[in-house]
Every structure is written in C-alpha cells, then in structure tokens.
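Data first, discussion second: the structure below is written as structure tokens.
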Number of protein chains: 2
Amino acid sequence: MTTVASRPAGLETRRAILDAALDLFSERSFDGASTRGIAELAGVTQPLLNYHFAGKEELWRAAVDDLFERLRTSMQHRLSGLRGVDEVTIAKLMVRHFVEFSAANPQLHRIIMQESKRAGARLDWMVETHVRPLYEYAVAMFERLAARGELAPVAPAHLYYLLTGAGATVFVMAPECQRLTGVDPFAPEFVAAHADLVVDLLIRATTKESV
Amino acid sequence: MTTVASRPAGLETRRAILDAALDLFSERSFDGASTRGIAELAGVTQPLLNYHFAGKEELWRAAVDDLFERLRTSMQHRLSGLRGVDEVTIAKLMVRHFVEFSAANPQLHRIIMQESKRAGARLDWMVETHVRPLYEYAVAMFERLAARGELAPVAPAHLYYLLTGAGATVFVMAPECQRLTGVDPFAPEFVAAHADLVVDLLIRATTKESV
DNA sequence: GTCGGATCTTATCGTTCGATCAGGTAAATG
DNA sequence: CATTTACCTGATCGAACGATAAGATCCGAC
C-alpha cells in the first residue's frame with residue numbers, strides 16, 4: 001500500500017482509479033457516476049482523474065478496455081492446453097467460464113446492459129471494439145455445432161442473447177436477487193448450479209429434435 | 001390532441017409526463033434522466049412536473065406504478081376465460097405473454113435491471129411493491145409443476161432469473177442487438193421465435209430427466 | 001360578470017457537475 | 001546542491017441540475 005518503489009507511483013494510482021471507475025460506472029451508469037465519487041472511492045482527489053485521463057469519457061473507455069481485457073485473458077487461460085478436445089466439450093467449458101466470469105465480474109454485464117439500452121457513441125465504440133469479436137466467435141461456434149447436428153440451426157441472435165441473458169442477469173441483478181429470494185447469487189454453490197443450468201439450457205434445449 | 005373537454009386537461013398532461021418519464025428513466029437511468037429532458041419530451045415546461053408530482057422520486061414511482069399496472073392488467077386479460085386448462089399450458093402461455101410484454105414494453109426490464117444493480121430505497125420499494133407478488137406467483141407455479149413431475153425441483157431463484165434473463169435481455173439491449181446482429185428484435189417474427197425458444201427452454205430444459 | 005380554484009409559465013434559487021488553473025511536493029538528474 | 005520532471009492538491013470556473021416562488025391564464029360556479 002505505502003508507496004515504496006522508485007518512480008511509478010502513478011501506476012498504482014491509475015489502477016485504483018480504474019477499479020473505482022469500473023465499480024461506479026457499472027453500478028450507477030455513466031451519468032450517475034460522478035468523478036468526485038470515483039475519486040473518493042479511489043482515495044484520491046478529483047482533479048487527479050483529469051491528470052491521468054483526458055476526461056470522464058476517456059476514463060470510462062479505459063475502464064471498459066481493462067474489463068474486456070480481463071475477460072479475454074481469463075478465457076484464453078481457461079482454454080489453453082485443450083488440444084484434441086471435441087467442440088461440444090469446449091463449448092460447454094466456454095459457457096461455464098462465461099457464467100463464472102459474470103459472477104466474479106458483475107460489472108461486465110452491468111456496463112454492457114447499461115450502454116446497450118441506448119444508441120450512441122459509447123455503444124458504437126464498445127460494440128465494434130469489444131463485443132463484436134466475441135459475438136463473431138460465438139456465431140462461428142454455433143454454426144460448427146449446428147453443422148455437426150449438435151445444435152439446432154437457430155438464428156444466432158436468439159442464441160447469443162439467450163446465453164448472455166440467462167447466464168449473466170442474476171449476477172447483474174444480485175442486490176435484487178438477494179433481497180427478493182434471500183439467496184446470495186455470488187455464493188460458489190449458486191454460481192456452479194447456475195452454470196450447470198445454463199450449459200444444459202444452451203446445449204440440450206436447442207438440440208435438433210427440440211425446436 | 002387539442003384540449004376539448006370540460007376540465008380534466010391535467011389528466012392528458014399527467015399521462016404525457018408519465019410516458020416521457022418512463023422512456024427517459026428506463027433509457028438513461030434515474031440520475032441520467034433530467035427533469036428538463038422529461039418535460040421537453042412531454043411537451044411541457046419543467047416546473048410543471050413539480051406541479052403534478054411531488055418531486056423527481058415521486059414521478060419515478062408513479063411511472064413505475066403505471067408500468068407494472070399495465071403488466072398486471074395485460075396478464076389478467078390474457079389469462080381470463082381459461083377455466084379447466086391444464087397448468088402446463090397456462091404456464092407456457094404466461095411465459096409467452098411475459099416475453100411479448102417485454103418486447104412491447106422494454107422499459108419494464110430496463111428499469112428493473114437499472115435499479116436492481118444497487119441496493120437502496122428505490123430497489124426496496126420496487127421489490128416489495130411490485131416484484132415480490134410476481135415472484136411469489138411464479139414460485140408457486142414452479143412448485144405445482146414440480147409436484148406434478150413436469151418440472152425439475154430446481155431452486156426457484158435459478159428458474160426465475162433464467163426466465164427473466166433469457167426472455168427480456170434481448171429487448172432491454174435492443175439497440176445493441178440491432179447494431180451487433182443487424183436484426184430488429186422488436187420485429188414480430190423475432191418476438192414470436194424468441195418466445196418459442198424461451199418456452200421450450202423453461203419447460204423442456206428443466207424436465208425431470210434433464211437436471 | 002366576477003370569483004375561485006385548477007393549470008401552466010417565467011424567473012430564479014442553491015447545489016452539484018466536469019473541467020481547468022496555478023501551485024506544491026518529492027524523487028530522479030546533472 | 002541546483003534543476004527538472006512526474007505526481008498530486010486546493011481553489012474555482014461555467015453549465016446543468018432539481019426545486020420553488022410569483023404570477024398569468026382559463027374554465028366552471030354562483
């Protein structure tokens with residue numbers, strides 16, 4: 001915690017600001033999160049945000065960049081060393097990792113859902129920079145599974161939003177879930193059970209005979 | 001449009017304000033929607049909001065009341081005149097109506113998701129006033145279906161958020177869906193197909209043998 | 001016809017917002 | 001030791017926020 005090292009004290013500060021920004025942006029939306037609130041949560045003064053980032057919009061982009069980067073690296077790490085495994089198993093593993101990541105990082109879909117409600121520059125940037133590559137990857141996987149007869153040839157838009165909606169919503173709405181059901185959706189047992197259900201959902205509910 | 005009638009000119013204004021408030025609150029969150037923006041969308045001046053409603057918070061509550069009231073009445077209307085129909089059919093019909101209502105009124109889950117991200121007075125009020133009755137009804141239905149062997153005895157929190165997440169997310173995120181996939185999720189064919197998938201998902205993916 | 005309450009507007013209040021400026025401190029450099 | 005540079009803070013700007021006060025308008029009642 002105490003700044004010890006040579007020069008790069010700014011890197012720790014930058015990280016603290018990014019983490020605080022991610023929390024507040026995801027929880028209170030872009031407009032609802034004030035730069036003063038982010039600064040307070042990060043333990044710094046407000047003008048420091050403008051020293052490290054060009055402005056509020058730029059800070060938001062940096063936080064979102066950082067979040068998607070974590071998703072990519074964690075997914076790659078999870079799937080590394082899987083040579084020769086059949087694609088159905090890989091698909092199940094990816095869905096499972098997606099659910100677990102959504103539980104460990106509820107900010108991801110909170111921000112995505114927030115921005116996706118409204119067309120605009122932030123949504124355009126987020127989609128083209130971060131979401132589309134994931135979507136294209138998922139679509140390609142859907143198509144390979146459908147060609148093998150493992151998945152019904154349902155339009156990818158349906159499958160994609162069924163997957164993200166079913167897998168992430170309960171973690172996005174964790175405070176409501178806690179209050180409404182008394183269940184903590186971040187509890188490891190709940191996350192594991194939910195991942196099982198979503199995997200079953202996507203793989204079994206859309207097998208060829210079913211739809 | 002032109003105010004014809006006797007006295008209640010205020011009722012039309014009140015309705016215009018409520019509609020505008022619902023659109024902006026759901027799209028830009030409570031903090032992101034300004035009273036001036038709502039007034040402009042409603043075609044009135046900003047102080048008029050404080051004449052018809054006690055304040056921004058009160059306006060938000062009135063708009064949410066109105067929205068949930070529409071959900072209740074439309075559901076009752078859809079289910080009226082269904083005597084002697086077996087419960088599985090009723091359940092399917094309710095899921096279908098839920099998806100269709102979510103498509104016709106994307107504000108519903110936009111507001112629910114927005115407020116559910118963060119504990120607070122607005123979430124508490126919304127859950128206890130509007131969400132809990134729906135949840136209790138759904139849980140009772142899950143339990144009856146499970147007792148008949150039509151549904152696996154999965155914890156209701158999973159089923160509830162699978163249903164709402166799978167059924168509503170694509171409409172909440174309609175602008176992203178449009179830009180990402182080129183598909184308009186509000187198109188009648190898309191809504192119908194999505195409702196089919198969700199019904200299948202909930203009824204078939206959780207039959208006893210599956211989980 | 002005029003009176004009274006309901007409806008709506010103009011002007012403005014104090015607060016908070018994001019951003020900037022001028023300066024200050026401390027570590028690296030010569 | 002003197003100077004420079006990276007990092008950080010206090011003070012403050014104009015704009016936008018939610019709210020209110022004071023008054024205009026209009027319609028039904030008597």
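Lettering follows sequence order; numbering is per chain, from 1. Computed from a predicted structure; not experimentally measured. Reckoned from all heavy atoms, side chains included, excluding hydrogens, waters and symmetry mates.
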Would you say the rings of A:H158 and A:F142 are close, in the sense that their centroids are separated by under 6.0 Å?
no
Could you pick out which residue, B:P47 or B:G37, lies toward the 5' side of DNA chain D when each is mapped onto its nearest nucleotide?
B:G37
Has [X] got a side-chain N or O lying under 4.0 Å from the OP1 or OP2 atom of [N]?
X: B:H52; N: C:dC8; answer: yes
X: A:T13; N: D:dC8; answer: yes
X: B:S34; N: D:dC17; answer: yes

Atom pair distance, as rounded to whole Å: [atom1] in [X] and [atom2] in [N]:
X: A:L11; N: D:dC7; atom1: CG; atom2: P; result: 7 Å
X: A:E58; N: C:dA19; atom1: CD; atom2: P; result: 11 Å
X: A:F53; N: D:dC8; atom1: CZ; atom2: P; result: 11 Å
X: B:L49; N: D:dT20; atom1: CG; atom2: P; result: 13 Å
X: A:E57; N: C:dC17; atom1: CD; atom2: P; result: 18 Å
X: A:E12; N: C:dA27; atom1: CD; atom2: P; result: 13 Å
X: A:R36; N: D:dT12; atom1: CZ; atom2: C1'; result: 10 Å
X: A:D31; N: D:dG18; atom1: CG; atom2: P; result: 11 Å

Aromatic plane relationship, B:H130 with B:F68 - under 30° parallel, 30 to 60° tilted, over 60° perpendicular:
parallel
Checking contacts here: which listed nucleotide ([options]) is nearest the side-chain heavy atoms of [X]?
X: B:T45; options: C:dT10, C:dG18, D:dG18; answer: C:dT10
X: A:Y51; options: C:dC8, C:dC17, D:dC7; answer: D:dC7
X: A:L48; options: C:dT20, C:dA11, D:dT9; answer: D:dT9
X: B:N50; options: D:dC8, D:dT20, D:dG10; answer: D:dT20

Min side-chain heavy-atom separation [X]-[Y] under 4.5 Å:
X: B:L197; Y: A:L159; answer: no
X: A:F25; Y: A:Q114; answer: no
X: B:E115; Y: B:W125; answer: no

When B:R14 and B:Q46 are each assigned the nearest nucleotide of DNA chain C, the 5'-most assignment goes to B:R14
How would you label the contact of A:A33 with the nucleic acid (heavy atoms, under 4.0 Å): base, sugar-phosphate, or nothing?
sugar-phosphate
